[in-house]
Amino acid sequence: MSEPTKMMFMMRKAPYGTIYSFEGLEAVLVMGAYEQDISLLFVDDGVYAIKKGMDTSPLGIKDFSPTFRVLDGYDIDKLYIDKESMEARGLTLDDFVVEPEVLDKEQIAKLMEEQDVVFPF
Amino acid sequence: MSEPTKMMFMMRKAPYGTIYSFEGLEAVLVMGAYEQDISLLFVDDGVYAIKKGMDTSPLGIKDFSPTFRVLDGYDIDKLYIDKESMEARGLTLDDFVVEPEVLDKEQIAKLMEEQDVVFPF
Amino acid sequence: MLHLVNKSPYSSSSLDSCLKFATKGAPIILFEDAIYGAMAGTSLESKMIEVMKDHPVYAIKEDLMARGVNNIIPGVREIDYTGFVELVEQHRPCTWS
Amino acid sequence: MLHLVNKSPYSSSSLDSCLKFATKGAPIILFEDAIYGAMAGTSLESKMIEVMKDHPVYAIKEDLMARGVNNIIPGVREIDYTGFVELVEQHRPCTWS
Amino acid sequence: MKFGVLVQEGPYHHQSSDSAYQFVKAAMDKGHEIVGVFFYHDGVINSTKLTDPQQDDRHIQKRWSEIAEKGVDLVVCIAAAKRRGINDDVLAPGFRISGLGQLTEMAIKADRFVSFGA
Amino acid sequence: MKFGVLVQEGPYHHQSSDSAYQFVKAAMDKGHEIVGVFFYHDGVINSTKLTDPQQDDRHIQKRWSEIAEKGVDLVVCIAAAKRRGINDDVLAPGFRISGLGQLTEMAIKADRFVSFGA
């Protein structure tokens with residue numbers, strides 16, 4: 001058997017303004033079934049994707065944030081967040097629907113270097 | 001007869017990376033036929049739209065910059081450029097296929113306030 | 001003139017471009033991803049407080065709600081789409097995307 | 001890792017994000033609108049010269065030509081798409097849009 | 001008042017089309033006249049009847065078609081449409097394909113012209 | 001080497017699709033194998049046969065169909081396609097609509113996976 005492919009999903013875009021993070025999440029869910037080594041990184045405006053308390057009903061747009069909570073059931077448990085992006089935006093771990101591990105930029109750089117594939121969403 | 005509508009086309013995007021400035025120019029050409037009061041403002045990365053010396057042949061993309069030269073024939077002669085955007089990008093009037101009037105930000109703000117419609121491209 | 005900004009101020013220069021050309025007193029609406037600029041406790045808060053000395057700043061309620069942002073900088077005025085329309089009634093708009 | 005940047009550094013924060021996470025020595029390719037970052041005599045030139053102390057910086061020739069940019073900062077390496085492919089042969093890529 | 005609206009981004013991918021819709025709806029609720037909505041750039045993609053989103057999401061094309069039923073002119077730019085594979089074969093009810101002259105006329109007719117996207 | 005490619009933006013509107021094409025062409029010229037090109041987000045719009053650009057511009061869809069003729073698998077994401085009005089009725093030669101599993105398989109198979117856009 002070959003080694004599992006190390007794939008990182010890097011979410012860099014804010015939700016709703018563009019669809020990248022939502023469609024990125026759809027890709028993560030599918031890949032979860034393939035028993036590869038998957039991680040999710042929230043960086044830049046991507047940290048907003050997991051913000052608590054979204055209510056998209058007045059806009060009639062589908063709220064995708066609850067889906068992040070089910071990732072664990074798909075064996076996707078490597079969630080990371082960039083400390084600097086989070087702090088610049090006035091967010092703390094209490095603000096999120098999931099509990100990503102907080103990494104500094106050196107740790108993220110190291111993690112990225114270990115990946116076979118980085119998907120930007 | 002009613003007053004002509006004062007319409008400003010504000011080009012803010014770089015050419016080729018996105019199509020905004022090119023399709024914006026297509027709109028300008030059509031509007032030229034309607035005898036309104038049209039002006040064109042180049043600001044931010046939009047100043048690159050009129051850069052001299054483009055050669056898109058290796059990419060096979062249509063080069064639209066020559067079209068700026070024919071605007072005069074459509075009675076569109078109010079071309080303005082933001083001094084600060086131009087200078088930050090190391091450009092001077094010699095770099096352009098047309099000769100826009102150089103305005104500072106106060107002059108541009110004033111010009112914008114006079115418009116009935118501002119189209120962002 | 002009424003300035004409409006829809007891009008995140010963290011990833012795009014659109015708000016800065018808008019501020020460069022907005023005349024004193026001209027209102028600014030933050031909508032879509034731009035509402036993150038209205039959030040309190042961020043690295044942009046002090047800048048936004050400066051902006052509000054020269055401009056009334058509005059944020060679209062529906063966009064704040066969609067993004068779960070409920071702590072906005074004091075002074076930013078929350079409006080719904082009806083409020084958006086009312087501002088457009090009063091001023092000609094200019095969009096910065 | 002090879003970093004691919006395609007947005008103008010004047011309007012987008014993508015290059016800055018890339019620089020934040022790129023390890024010393026990691027090459028960076030500027031293509032599409034990002035090639036404006038490789039132009040000489042601009043407000044970004046000194047920053048790019050600093051960047052080149054830590055990273056080899058490449059700019060795609062076809063994109064420079066399309067945009068009429070022929071004065072690039074000394075040290076930026078002009079490559080065509082074949083050169084792009086060669087760099088991808090050597091490094092796994094990461095895209096910053 | 002008379003309002004004209006420009007939509008410059010595609011549906012779902014960007015929120016601009018949603019925002020334009022919310023704006024048009026609120027303006028109509030306040031009794032304003034919409035002289036037209038012009039779809040330009042990727043905005044033309046709002047007009048395809050092949051749009052088939054998930055059941056639990058909004059149907060952006062149908063929303064626009066409903067606006068058209070209330071008498072609003074929805075004009076799709078022909079030049080932009082051709083580049084993106086939109087033609088009469090896939091055009092949804094209430095939209096029509098025409099030239100940039102229509103955008104000019106809307107801008108002249110409107111007391112306020114609002115652009116979404118670009 | 002084996003290369004996989006992801007295209008995440010629509011044609012003409014963004015250059016990403018052009019860049020992906022130039023990259024794929026150069027990689028093939030160098031003898032590399034392209035395990036597939038996956039079209040996601042607005043990238044799915046590259047696949048419509050109704051694409052009809054100006055005569056003096058490149059025909060982005062046909063460029064991709066020509067790449068397919070050389071044996072490259074062009075896969076369009078079904079979920080993204082449905083949102084944007086792309087289905088088999090408008091699908092150009094050489095493209096096929098499938099699920100995100102195909103993207104996963106390309107990423108696993110490829111020695112290098114390159115994303116354009118997003």
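Protein chains get the first letters and strands the later ones, always in sequence-line order, with residue 1 at the start of each.
Looking at every heavy atom in both residues, A:P4 comes nearest to A:D116 through O-OD2, 4.2 Å. The two residues C:I35 and C:A59 have their closest heavy-atom pair at CG2-CB, 4.4 Å.
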Distance-only donor-acceptor pairs under 3.5 Å across chain A and chain C:
from, atom 1, to, atom 2, distance (Å)
A:G17, N, C:D33, OD1, 3.1
A:D45, OD1, C:S8, OG, 3.3
A:D45, OD2, C:S8, OG, 2.6
A:D45, OD2, C:S11, OG, 3.1
A:K51, NZ, C:G68, O, 2.9
A:D55, N, C:M65, O, 2.8
A:D55, O, C:A66, N, 3.3
A:A88, O, C:S43, N, 2.7
A:A88, O, C:S43, OG, 3.1

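Two rings, from A:F9 and A:F42, have their centers 6.0 Å or more apart.
Separating the CE atom in A:M112 from the CG atom in A:L103 is a distance of 12.0 Å, to the nearest 0.5 Å. A:I50 CD1 to A:L25 CG: the interatomic distance, rounded to the nearest 0.5 Å, is 11.0 Å.
Contacts of C:M39 with chain A are made by side-chain atoms alone, with heavy-atom separations under 4.5 Å and no backbone atom involved. Looking at A:I61, neither its backbone nor its side chain comes within 4.5 Å of chain C, counting heavy atoms on both sides.
Applying the 6.0 Å contact sphere to CD of A:Q107 captures more than 12 heavy atoms from other residues, nucleotides or ligands.
Options A:P15, A:A88, A:A49 differ in how many heavy-atom pairs under 4.5 Å they form with chain C, and the most are formed by A:A88.
By the side-chain contact (heavy atoms from CB on, under 4.5 Å) test, A:V30 is found to be paired with A:Y34, F:L100, F:T104, residues two or more places apart in sequence or in another chain being considered.
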